[in-house]
Trainee: 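One structure follows; several queries about it will come next.
Atoms considered below: every heavy atom in the structure, side chains included; atoms not considered: hydrogens, waters and symmetry mates.
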Amino acid sequence: MQTILRKLGLVMLALFGVAALAGAGKPLPQNGQRNWNATVTRTATGSHVLGNPAAKVKLVEYISYTCPHCAHFERESDTQLRLGFIATGKGSIEVRSFVRDGIDMTVALLTHCGAPSRFFANHSAFLRSQDNWIAPATSATDAQKQRWYNGPLPARTRAIASDLHFYDIMEKRGYSRAESNRCLGDTALAAKLAQATQDAADKGWVNGTPGFLLDGVPLAGTYSWPALKPQLEARLD
């Protein structure tokens, strides 16, 4: 599996021609405690951290937007993570893209649109609507695939966004087509995301998605919320 992931990372680096801190939360008026769910940090490698940057327990999630298990994890875990893990300031979650193909890259670029504080809502919007766009993605015509995987990055990502109606998702999130296109043409970010995928594969951190690190340690065999939850609770005790 690691060999496959390494090859995948190399493909992604070739495919995309790899040539801040933000959002301080405000105190909750009802109890005077900080709302860590309003604190988002963008890292130098293009990932995003939700919660207290100095949290006792740090969870890293590797996500592929075309992965059905990732969409299921988002729906099952989001509320519980926010209420019992992040809100208290004891835990934080960092989302890193594990880019498997051009569709993954396209969605990842769109989730990064706008201020860091908007990332997690963008991220959720695409995962929670995955059922609507994954079927057309897996039944693309040869002509569509030619547009998706040939030519410069902006042309490819915009073709994918158009064919899979990603512009509609972004419009509902308040982004104009021009704003989305700027994000889809961000070759510097695409390079960062591809490199982060390669690094994770080289280190053997990801054998499937969603994949997790807990306080820097890979969680082997952990791909679901029921498997992850008791491990988080044990660290918080």
Side-chain angles (χ1 to χ4, degrees), residues 1-2 4-6 8-9 20-25 28 33-65 67 69-100 104 108 111-112 116-117 119-124 127 189 192-237:
M1 177 63 76
Q2 186 174 346
I4 294 173
L5 291 173
R6 183 175 292 108
L8 171 64
L21 201 67
L28 289 175
Q33 295 180 349
R34 185 167 185 163
N35 178 12
W36 288 108
N37 278 299
T39 300
V40 180
T41 305
R42 180 179 286 166
T43 73
T45 58
S47 62
H48 289 79
V49 179
L50 178 65
N52 181 2
K56 171 187 173 182
V57 181
K58 294 179 172 60
L59 176 68
V60 174
E61 177 190 1
Y62 281 93
I63 180 81
S64 290
Y65 287 102
C67 162
H69 298 293
C70 296
H72 183 74
F73 178 82
E74 162 68 17
R75 291 191 294 268
E76 195 170 30
S77 68
D78 184 56
T79 299
Q80 295 185 64
L81 279 171
R82 286 178 176 273
L83 292 178
F85 183 66
I86 296 166
T88 62
K90 295 179 180 179
S92 66
I93 181 168
E94 177 182 351
V95 173
R96 299 178 183 174
S97 289
F98 192 80
V99 183
R100 304 191 297 183
D104 263 338
T111 61
H112 283 69
S117 59
F119 169 79
F120 283 92
N122 293 340
H123 167 82
S124 181
L127 285 176
L189 177 57
K192 285 184 179 181
L193 298 178
Q195 186 61 59
T197 297
Q198 177 69 67
D199 291 344
D202 287 344
K203 293 172 181 176
W205 284 350
V206 182
N207 292 307
T209 53
F212 303 97
L213 304 178
L214 188 54
D215 293 335
V217 178
L219 299 182
T222 301
Y223 306 106
S224 67
W225 176 239
L228 175 63
K229 183 179 179 181
Q231 298 180 74
L232 292 179
E233 291 173 341
R235 290 295 178 95
L236 290 172
D237 287 343

Trainee: For D199, check salt bridge (charged side-chain N to carboxylate O under 4.0 Å, His left out) against everything at least two apart and list the hits.
Mentor: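 So D199 forms no salt bridge (charged side-chain N to carboxylate O under 4.0 Å, His left out) with any residue.
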Trainee: Is it the case that the side chain of T197 and the backbone of L193 share a donor-acceptor pair, with hydrogens and angles ignored and the cut-off at 3.5 Å?
Mentor: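 Indeed, once roles are kept as given, a pair shorter than 3.5 Å links the two residues.
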Trainee: Would you list the pairs meeting ring-ring contact (aromatic ring centres under 6.0 Å, His included) in which at least one residue belongs to residues 195-218, sequence neighbours left out?
Mentor: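 Counting only pairs at least two positions apart or across chains, the ring-ring contact (aromatic ring centres under 6.0 Å, His included) contacts touching residues 195-218 are F73-F212.
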Trainee: Heavy atoms, side chains only, cut-off 4.5 Å: are S97 and Y65 in contact?
Mentor: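 In short, these two side chains touch, coming nearer than 4.5 Å.
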Trainee: Which pair of heavy atoms, one from V57 and one from L214, lies closest together, and at what distance?
Mentor: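 Minimum heavy-atom contact is CG1-CD1, 3.6 Å.
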Trainee: Of all heavy-atom pairs between I86 and W36, which one has the smallest distance, and what is that distance?
Mentor: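 Residues I86 and W36, closest heavy atoms: O-CB, 3.2 Å.
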Trainee: Under the side-chain contact (heavy atoms from CB on, under 4.5 Å) rule, what do F120 and V95 come out as? Steps first, then yes or no, please.
Mentor: CA-CA 9 Å; F120 283 92; V95 173; 3.6 Å; yes
Trainee: Do L50 and F119 have side chains that get closer than 4.5 Å, going by heavy atoms?
Mentor: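 They are not in contact (no side-chain heavy atoms under 4.5 Å apart), so the answer is no.
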Trainee: Restricting to non-hydrogen atoms, name the atom on K192 and the atom on A44 that form the minimum distance, rounded to 0.1 Å.
Mentor: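 For K192 and A44, the tightest heavy-atom pair comes out as NZ-O, 3.1 Å.
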Trainee: Is a side-chain N or O of S124 found less than 3.5 angstrom from the main chain of A121, in a donor-acceptor match?
Mentor: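 Absent.
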Trainee: Taking distance alone, no hydrogens or angles, what donor-acceptor pairs closer than 3.5 Å link side-chain atoms of residues 227-234 to residues at least two apart or in another chain?
Mentor:
{"from": "K229", "atom 1": "NZ", "to": "Q80", "atom 2": "OE1", "distance (Å)": "3.2"}
{"from": "Q231", "atom 1": "NE2", "to": "T222", "atom 2": "OG1", "distance (Å)": "3.0"}
{"from": "Q231", "atom 1": "NE2", "to": "A227", "atom 2": "O", "distance (Å)": "2.9"}

Trainee: By salt bridge (charged side-chain N to carboxylate O under 4.0 Å, His left out), which residues pair with R235, not counting sequence neighbours?
Mentor: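 Only D215 meet the salt bridge (charged side-chain N to carboxylate O under 4.0 Å, His left out) criterion with R235.
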Trainee: Scan residues 44-55 for pairs that pass side-chain hydrogen bond (donor to acceptor under 3.5 Å, both in side chains), counting only residues two or more places apart or in two chains.
Mentor: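 Listed once each, the pairs are R42-H48, T43-T45, T43-S47, S47-E94.
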Trainee: Is there a side-chain contact between Y223 and N207, using heavy atoms and a 4.5 Å cut-off?
Mentor: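 The answer is yes, as the side chains (C-beta and beyond) meet within the 4.5 Å cut-off.
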Trainee: Between N122 (side chain) and T111 (backbone), is there a donor-acceptor pair under 3.5 Å?
Mentor: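 Answer holds: yes.
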Trainee: Does some side-chain heavy atom of P218 sit less than 4.5 Å from a side-chain heavy atom of K203?
Mentor: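 Contact flag for K203/P218 side chains = no.
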Trainee: Please check: side-chain N/O of K58 versus main-chain N/O of L213, any donor-acceptor pairing under 3.5 Å?
Mentor: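 Side chain of K58 to backbone of L213, a donor-acceptor pair under 3.5 Å: no, none is there.
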Trainee: Going by side chain to side chain contact (heavy atoms under 4.5 Å, CB included), name the residues that satisfy it together with D78, two or more places apart in sequence or in a different chain.
Mentor: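 Side chain to side chain contact (heavy atoms under 4.5 Å, CB included) list for D78, sorted by chain: E74, R82, R128.
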Trainee: Closest approach of R100 and S64, non-hydrogen atoms and distance?
Mentor: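 Minimum heavy-atom contact is CG-OG, 3.3 Å.
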Trainee: Contact between S224 and H72 at the side-chain level, heavy atoms closer than 4.5 Å - yes or no?
Mentor: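 A side-chain contact is absent here, since even the closest heavy-atom pair is not under 4.5 Å.
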Trainee: Please report the shortest heavy-atom distance between N37 and A87, naming the atom on each side.
Mentor: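 Closest pair (atom of N37, atom of A87, distance): ND2-CB, 3.4 Å.
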Trainee: What's the shortest heavy-atom distance between S92 and F85, and which atoms?
Mentor: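 Nearest heavy atoms, S92 then F85: O-CE2, 3.3 Å.
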